[in-house]
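What follows is a short report on a single structure.
We count residues from 1, following the sequence as given.
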Amino acid sequence: MNTKLVESLVQMIEALPSEDYLLLQGQLTDRNIQKTVGVCGGYARIRNTRIPVWTLVSLHNQGADEAELLRNFPSLTLFDLAATRAYYANHRAEIDRLIVSHDEEDLPNG
């Protein structure tokens, strides 16, 4: 790990004006969610993983809190979960439709 590079980046980010800082946060959040043909059915997933957004939202809806999600998916971070919430807030119909369709697949004769 290049700690000097990270420290330099932190200092540059801290020096950003408010509107640029918000823009950076939005860009990082948006890039944390990916859609790639052939990976997770092409559905929205967390950066470079095979963990679909709909799975995390479904587990949360069933009562899993952040601590439980992080225990069950140790490669995730709190930032990943925040990006998941932001994506869901902006794409609720898409994610809800995926949850329903996957729930129906789990039903007998589904």
Side-chain angles (χ1 to χ4, degrees):
M1 178 183 294
N2 189 337
T3 54
K4 287 182 181 183
L5 174 62
V6 171
E7 183 58 34
S8 294
L9 289 170
V10 168
Q11 288 173 0
M12 288 179 7
I13 290 168
E14 289 174 339
L16 289 173
S18 299
E19 60 274 0
D20 292 340
Y21 182 74
L22 289 173
L23 177 63
L24 175 64
Q25 283 183 317
Q27 292 277 329
L28 290 173
T29 299
D30 290 347
R31 290 177 188 211
N32 211 43
I33 304 297
Q34 302 170 342
K35 288 184 177 181
T36 306
V37 175
V39 179
C40 294
Y43 303 130
R45 63 188 172 92
I46 301 299
R47 56 155 179 86
N48 301 322
T49 71
R50 293 185 174 271
I51 304 170
V53 169
W54 72 263
T55 298
L56 297 173
V57 172
S58 178
L59 291 170
H60 175 75
N61 290 347
Q62 295 172 53
D65 62 13
E66 287 184 342
E68 183 176 355
L69 292 172
L70 293 173
R71 269 193 315 277
N72 290 325
F73 299 95
S75 64
L76 296 183
T77 66
L78 285 172
F79 185 78
D80 295 326
L81 298 181
T84 298
R85 286 190 304 276
Y87 186 87
Y88 182 52
N90 292 317
H91 302 88
R92 189 172 298 270
E94 169 195 342
I95 299 303
D96 287 345
R97 190 171 43 252
L98 286 168
I99 291 170
V100 168
S101 71
H102 283 84
D103 285 348
E104 289 173 352
E105 288 177 9
D106 291 340
L107 293 173
N109 300 321

Taking all atoms of both residues into account, what is the closest heavy-atom pair of [X] and [Y], and its distance?
X: R50; Y: V39; value: NH1-CG1, 3.8 Å
X: L76; Y: R47; value: CA-NH2, 4.1 Å
X: T36; Y: R45; value: OG1-NH2, 2.8 Å
X: S75; Y: T49; value: OG-CG2, 4.3 Å
X: C40; Y: I51; value: SG-N, 4.1 Å
X: A83; Y: N32; value: CB-ND2, 3.5 Å

Would you give the length of the straight line joining atom [atom1] of [X] to atom [atom2] of [Y], rounded to the nearest 0.5 angstrom?
X: Q25; Y: D20; atom1: CD; atom2: CG; answer: 11.5 Å
X: I99; Y: T55; atom1: CD1; atom2: OG1; answer: 8.5 Å
X: L59; Y: L69; atom1: CG; atom2: CG; answer: 6.0 Å
X: E66; Y: L78; atom1: CD; atom2: CG; answer: 5.5 Å

Would L28 and L24 count as a side-chain contact (heavy atoms from CB on, under 4.5 Å) here? Give the steps. CA-CA 6 Å; L28 290 173; L24 175 64; 4.0 Å; yes

Any ring-ring contact (aromatic ring centres under 6.0 Å, His included) involving residues 77-100? Give me the pairs, sequence neighbours left out, ordered by first then second residue. Y87-H91

Look at the aromatic rings of W54 and H102 and report parallel, tilted or perpendicular, splitting at 30° and 60°. parallel

Less than 4.5 Å apart, any side-chain heavy atom of [X] and any of [Y]?
X: E7; Y: K4; answer: no
X: L56; Y: I46; answer: yes
X: V57; Y: N61; answer: yes

Any sub-3.5 Å donor-acceptor pair from Q27's side-chain atoms to L23's backbone N or O? no

Would you kindly confirm whether M12 and L5 end up in one hydrophobic cluster when ILVMFWY residues are joined by side chain heavy atoms under 4.5 Å apart? yes

